[in-house]
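Down below is the structure, laid out as structure tokens.
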Amino acid sequence: RNLTMKFRPCIDLHSGQVKQIVGSTLSDDKQNALTATQSSVEAENFSTDKPASDFAVMYKDDGLTGGHVIMLGPGNQDAAKSALEAYPQGLQ
């Protein structure tokens with residue numbers, strides 16, 4: 001039986017910016033979750049000004065499939081849409 005692991009690309013978005021956060025440090029106002037305009041991140045591993053679509057193109061060019069875009073809080077719709085459009089059927 002072959003137990004080969006496959007890398008699955010991921011684009012995490014917070015306030016429209018590509019970020020990798022430290023687990024369990026994203027918080028929302030739980031009482032106003034449906035109307036919240038901001039989420040806070042207490043600790044980041046990685047943050048960039050490059051658009052999400054640049055990462056999607058990189059994943060596409062490298063032949064990486066089965067990836068996903070995660071919207072962490074509000075303000076990510078445009079960035080997520082740009083990534084999905086840059087790599088159709090390659091990200092979900």
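- Using a 4.5 Å heavy-atom threshold, the side chains of Ile70 and Ile11 count as separate.
- Ser15 approaches Asn76 most closely through the heavy-atom pair N-OD1, 3.0 Å.
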How far apart are the C-alpha atoms of Thr65 and Tyr87, what are their side-chain angles, what is the distance that settles it, and do they pass the side-chain contact (heavy atoms from CB on, under 4.5 Å) test?
CA-CA 10 Å; Thr65 59; Tyr87 192 5; 3.6 Å; yes

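- Within 6.0 Å of atom CG in Asp61, more than 12 heavy atoms from other residues, nucleotides or ligands are found, so the atom counts as buried in its surroundings.
- Across Ala52 and Val18, no two heavy atoms sit closer than the pair CA-CG2, 3.7 Å.
- Between the side chain of Tyr59 and the backbone N or O of Cys10 there is at least one donor-acceptor pair closer than 3.5 Å.
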For Gln17 and Asp49, run side-chain contact (heavy atoms from CB on, under 4.5 Å): C-alpha distance rounded to whole Å, both residues' side-chain angles, the deciding distance at 0.1 Å, then the answer.
CA-CA 7 Å; Gln17 186 178 14; Asp49 291 330; 3.5 Å; yes

Check the pair Ser53, Glu85 against side chain to side chain donor-acceptor pair (under 3.5 Å), reporting the backbone distance first and the verdict last.
CA-CA 8 Å; Ser53 58; Glu85 288 173 348; over 6 Å; no

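- The side-chain heavy atoms of Phe46 and Lys19, taken from C-beta on, include no pair separated by under 4.5 Å.
- Tested against Pro9 for a side chain to side chain contact (heavy atoms under 4.5 Å, CB included), the candidates Leu64, Asp62, Val69 yield a single pass: Leu64.
- The minimum heavy-atom distance between Val57 and Ala86, with the atom names listed, is CG2-CB, 3.9 Å.
- To the nearest 0.5 angstrom, Gln20 atom CD is 14.0 Å from His14 atom NE2.
- Summarising the geometry, atom CE belonging to Met71 is positioned 12.0 Å from atom CG belonging to Asp12; distances are rounded to the nearest 0.5 Å.
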